Protein chains: 2
Amino acid sequence: MFFLKELPSQQMVEGYAKRFSVKDPTAVQGALTMMRDTSLLLRELEGYFSKHGTSQLRFLVMIVIDREPQRDSLLASEIAERIDVSRPVMTRTLKSMVEDELIAMETNSSDGRAKCVALTKSGENFLQEILPGYFKAISNFMKELNK
Amino acid sequence: MFFLKELPSQQMVEGYAKRFSVKDPTAVQGALTMMRDTSLLLRELEGYFSKHGTSQLRFLVMIVIDREPQRDSLLASEIAERIDVSRPVMTRTLKSMVEDELIAMETNSSDGRAKCVALTKSGENFLQEILPGYFKAISNFMKELNK
DNA sequence: ACAATATAGTTATCATGGTAACTATGTTAA
DNA sequence: TTAACATAGTTACCATGATAACTATATTGT
């Protein structure tokens, strides 16, 4: 993700808001700030993931399986839905994660179309390995932000 | 951009924070919320831009040129730097924007390597056309968010 | 029962982000 | 002056997001 490093000034946004009869310039300024901050945070996190040979998408896949109460697997479509990513991207990502033995997939016994996706033991271990650094990275970023 | 639609619960984040000795679980929760909200807002904005045959990147290019005080053009590298995007992506994007006559480029008179990028009249008009809807979209999104 | 429809996943293809390596131009220092 | 280095932009290539169209399976309504 990318965004403006320097946001428009408050006066500028207020000027636009007046011209376009937008009622809440402060909310707009907040949204722009949010997008910029997220863009910077995502750059940090991408760097962290990449250093560990993974990606935000792979990480989220592992997280949503791991955090599921009562079940130890999810359908591919459920994962895609929870992460808000298209199914073709999910297909490709899951395939590569199976190759790397982070997850295991098998056809659902009660629906021949669906695939159950579970974490392997090494997938679980890997997730536990990278989680602390993920939280630390976010925590550090937020600390810098509020300076 | 994509992200978890359902964030981990506060208890869950606090549990992680404790295990990984992260001091400020609230800040982490805030960061996750920020990423989710931004991801949803970006989806809205992408839809808006796409409806108008443009993209967030093209929009930001026009914005940073338009808002520049004193000057009516910027170097390609200045634009890339301000939007935090790589130079090869800038090259490609500017090329297509020249084809669509939104911008004009010419070699800088004082540095044969550099290219000056200016908005054309129709680029300026187009920017003014889409700006109100952009602000409205952000404003509406933020209104929904604070419900 | 079975035709029509819906759903899960995949394939093909495109769009758009990135890095590495290159060319051309400019700057600096021996 | 000119060799070494720095900088602007481009090219080549890869990674990863999307949509459309497809296959296979399941469900629904007559």
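Given the structure is predicted, the values throughout are model-derived calculations rather than measurements. Order of the sequence lines fixes the chain letters, A, B, ..., with proteins taken first and strands second; residue numbering starts at 1 for each chain.
Of the candidate nucleotides C:dG18, C:dA12, C:dG9, C:dG18 has the atom lying nearest to any side-chain atom of B:V89. Listed candidates were D:dA18, C:dG17, C:dT11. Nearest to the side chain of B:V85 is C:dG17.
Among the heavy atoms of the strands, none lies under 4.0 Å from A:R58.
Separating the CZ atom of B:R87 from the P atom of D:dT7 is a distance of 10 Å, rounded to the nearest angstrom. Rounded to an integer number of Å, the gap from CG of B:D111 to P of D:dA6 is 17 Å. Taking atom CG on A:D84 and atom C1' on D:dG17, their separation rounds to 12 Å, with Å as the unit. Regarding B:F59, its CZ atom lies at a distance of 19 Å from the C1' atom of C:dT16, rounded to whole Å. Taking atom CD on A:E46 and atom C1' on C:dG18, their separation rounds to 9 Å, with Å as the unit. Taking atom CG on B:L42 and atom C1' on C:dT16, their separation rounds to 14 Å, with Å as the unit. For the pair A:E81 CD and C:dT7 C1', the computed distance is 14 Å after rounding to whole Å. Computed from coordinates, the A:N108 CG to D:dT27 P distance equals 11 Å when rounded to whole Å.
For D:dG17, the OP1/OP2 oxygens have no side-chain nitrogen or oxygen of A:S86 closer than 4.0 Å. An OP1 or OP2 oxygen of C:dG9 is reached within less than 4.0 angstrom by a side-chain nitrogen or oxygen of A:S77. In terms of phosphate contacts, A:K115 brings a side-chain nitrogen or oxygen within less than 4.0 Å of OP1 or OP2 of C:dT10.
A heavy-atom distance below 4.5 Å is found between the side chains of A:L131 and A:F59.
Ion pairing of A:K95 with A:E99 is present here, as a side-chain N (NZ or NE/NH1/NH2) and a carboxylate O approach within less than 4.0 Å.
Remark: A:M97 CE to A:M90 CE distance equals 8.5 Å, nearest 0.5 Å.
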Using the rule given for ring pair (Phe, Tyr, Trp, His ring centres under 6.0 Å), can you reason through A:Y134 versus A:Y48, listing the C-alpha separation, both sets of side-chain angles and the distance that settles it, and then say yes or no?
CA-CA 7 Å; A:Y134 177 74; A:Y48 177 72; 7.2 Å; no
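Between the side chain of A:R113 and the base of C:dG9, no donor-acceptor pair under 3.5 Å is found. The base of D:dG9 does not come close enough to the side chain of B:R92 for any donor and acceptor atom to sit less than 3.5 Å apart.
Looking at which nucleotide of DNA chain C each of A:F2 and A:A76 is closest to, the 5′-most match is held by A:A76.
At a cut-off of 3.5 Å, with distance as the only test, a side-chain donor of B:S96 or B:R58 sits close to an acceptor on the other residue.
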